[in-house]
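To find a chain, count down the sequence lines: A is the first, B the second, and so on, and within it residues start at 1.
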Protein chains: 2
Amino acid sequence: MKKTREEICEITYIDKKKVSAVKKKMKPEMTMQRLSETFKALGDATRTKIIFALSQEELCVCDMAHLLGTTKSAVSHQLRVLRNMKLVKYRKDGKIVFYSLDDEHIKNLFDEGIRHVKEM
Amino acid sequence: MKKTREEICEITYIDKKKVSAVKKKMKPEMTMQRLSETFKALGDATRTKIIFALSQEELCVCDMAHLLGTTKSAVSHQLRVLRNMKLVKYRKDGKIVFYSLDDEHIKNLFDEGIRHVKEM
DNA sequence: TTGATATATGAACAATCATTCAACTATTCA
DNA sequence: TGAATAGTTGAATGATTGTTCATATATCAA
């Protein structure tokens, strides 16, 4: 009888102790989920550029569209993703909405990323 | 005549000076591309967990699969993504391949991310 | 050599995603 | 009030992605 389907429970442990030690240290599922969502939010060229631009200056949607050479709609859609992940905040001034980074962390996170990229 | 299609060139500038000032500061396209790819590589729950696990211990594929409750194949596929982005490195010991974080940055980047998530 | 095990990988499929277009709200100002 | 402008949003669409399954490669041990 040939077994083809790989089942989780049949995988061999190489170092069971090590695995349970690491398992204990793992963050809660919720934390991991949010963390990956945060990175995912930064993981798109348009959004990366938005974040970088906002690390330099507070900007309105219209000017971001200009800066990135795309449409206001596309920018607005991406800003919602960043808003949802609490990466940017905004203030309204009449018709115009000005966006900026939500807090200092974001810039640190970003700078750390740039440092990694430079050493690739 | 009603204009429906939004064209890039027709967007109004709100603050042209500000836009060109930020434009000058923008990193090269290549840097932005790599940066977003790096974040994207971290932006998946399976890969996030792999990175966290490796920040604790060097691990083989088999044990990672156990730890995450998934298959070796799934882990292996995700490790390739992380390898491509130079986020993990590996050493071979006989049949077994041990993975670890490529450098210290990665942990910093990750910790900065966790700090953000905790303040959400 | 043969069988077993650790890992890698290609193809396929469903799910997710970014952008576009059209339509909508809200605000200004004439 | 009504036209113009800034921004948001829903639906549609093509592209990308994560997992699974099957198979391939590499190493070890008998």
A.B. asks: Check the distance between C:dT27's P and A:D93's CG and give it to me in whole angstrom.
C.D. replies: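 Rounding to the nearest Å, CG of A:D93 and P of C:dT27 are 12 Å apart.
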
A.B. asks: Whole angstrom is fine here: how far is it from CD1 in B:I96 over to P in D:dA26?
C.D. replies: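 Nearest whole value for this atom pair: 18 Å.
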
A.B. asks: Tell me the closest heavy-atom pair linking B:M85 and A:H116, and the distance in Å.
C.D. replies: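 Here B:M85 and A:H116 meet closest at O-NE2, 3.2 Å.
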
A.B. asks: Would you please confirm or rule out a distance under 4.0 Å between OP1 or OP2 of D:dT19 and any side-chain N or O of B:T46?
C.D. replies: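 Yes.
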
A.B. asks: To the nearest Å, give me how far apart NZ (B:K95) and P (D:dA30) are.
C.D. replies: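 Atom NZ in B:K95 sits about 11 Å away from atom P in D:dA30.
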
A.B. asks: To the side chain of B:K72, which of D:dG7, C:dA8, C:dA6 is closest?
C.D. replies: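 Closest of the options to the side chain of B:K72: C:dA6.
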
A.B. asks: Tell me: CG of B:D44 to C1' of C:dT16, nearest whole Å?
C.D. replies: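 Rounding to the nearest Å, CG of B:D44 and C1' of C:dT16 are 12 Å apart.
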
A.B. asks: Can you work out whether A:I14 or A:V81 has the more 5'-proximal nearest nucleotide on DNA chain C?
C.D. replies: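 By nearest-heavy-atom nucleotide position, the 5'-most residue is A:I14.
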
A.B. asks: Take atom NZ of B:K92 and atom C1' of C:dT5, then tell me their distance rounded to the nearest Å.
C.D. replies: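 Going from B:K92 (NZ) to C:dT5 (C1'), I get 13 Å.
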
A.B. asks: Does B:R91 pair with B:E58 as a salt bridge, N-O distance under 4.0 Å?
C.D. replies: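 Salt bridge: yes.
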
A.B. asks: Is a donor-acceptor contact shorter than 3.5 angstrom present between the side chain of A:T70 and the base of C:dT19?
C.D. replies: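 No pair found.
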
A.B. asks: CZ of B:R80 versus C1' of D:dA24: gap in Å, rounded?
C.D. replies: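 Taking atom C1' of D:dA24 as the reference, CZ of B:R80 is at 14 Å.
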
A.B. asks: Salt bridge or not between A:K107 and A:E104? Use side-chain N to carboxylate O under 4.0 Å.
C.D. replies: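 No, no charged N to carboxylate O under 4.0 Å.
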
A.B. asks: Could one point to a donor on the side chain of A:T71 or the base of C:dC21 with an acceptor on the other under 3.5 Å away?
C.D. replies: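 It does not, because no donor-acceptor pair links the side chain of A:T71 to the base of C:dC21 below 3.5 Å.
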
A.B. asks: Give the rounded distance in Å between these two atoms: CZ of B:F98 and P of D:dT27.
C.D. replies: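 Going from B:F98 (CZ) to D:dT27 (P), I get 15 Å.
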
A.B. asks: Starting at atom CG of B:N84, determine the distance to atom C1' of C:dA8, rounded to an integer number of angstrom.
C.D. replies: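 It is 13 Å, rounded to the nearest whole Å.
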
A.B. asks: Any base atoms under 4.0 Å from B:Y99, or only sugar-phosphate, or nothing? Heavy atoms, all strands.
C.D. replies: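 Counting heavy atoms under 4.0 Å across all strands, the contact made by B:Y99 is with sugar-phosphate only.
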
A.B. asks: Under 5.5 Å between ring centres and under 30° between planes: true for B:H77 and the base of C:dT9?
C.D. replies: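 Yes, B:H77 stacks on the base of C:dT9, since the ring centres sit under 5.5 Å apart and the planes are within 30°.
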
A.B. asks: Salt bridge between B:E37 and B:K40, side-chain N to carboxylate O under 4.0 Å?
C.D. replies: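 The answer is no: the pair does not qualify as a salt bridge.
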
A.B. asks: Quick one: is D:dT17 close enough that its OP1 or OP2 comes under 4.0 Å of any side-chain N or O from B:K40?
C.D. replies: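 Looking at the OP1 and OP2 atoms of D:dT17, one of them is under 4.0 Å from a side-chain N or O of B:K40.
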
A.B. asks: Taking only side-chain N and O atoms of A:R83, does any of them lie within less than 4.0 angstrom of OP1 or OP2 on D:dT9?
C.D. replies: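 Answer yes for this pair, as a side-chain N or O of A:R83 is under 4.0 Å from OP1 or OP2.
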
A.B. asks: Using a 4.5 Å cut-off on heavy atoms from C-beta on, say whether the side chain of A:M64 contacts that of B:V19.
C.D. replies: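 SC-SC contact between B:V19 and A:M64 ruled out.
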
A.B. asks: May I ask you to verify whether the side chain of B:S73 and the base of C:dT7 hold a donor-acceptor pair under 3.5 Å?
C.D. replies: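 Result: no qualifying N/O pair found.
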
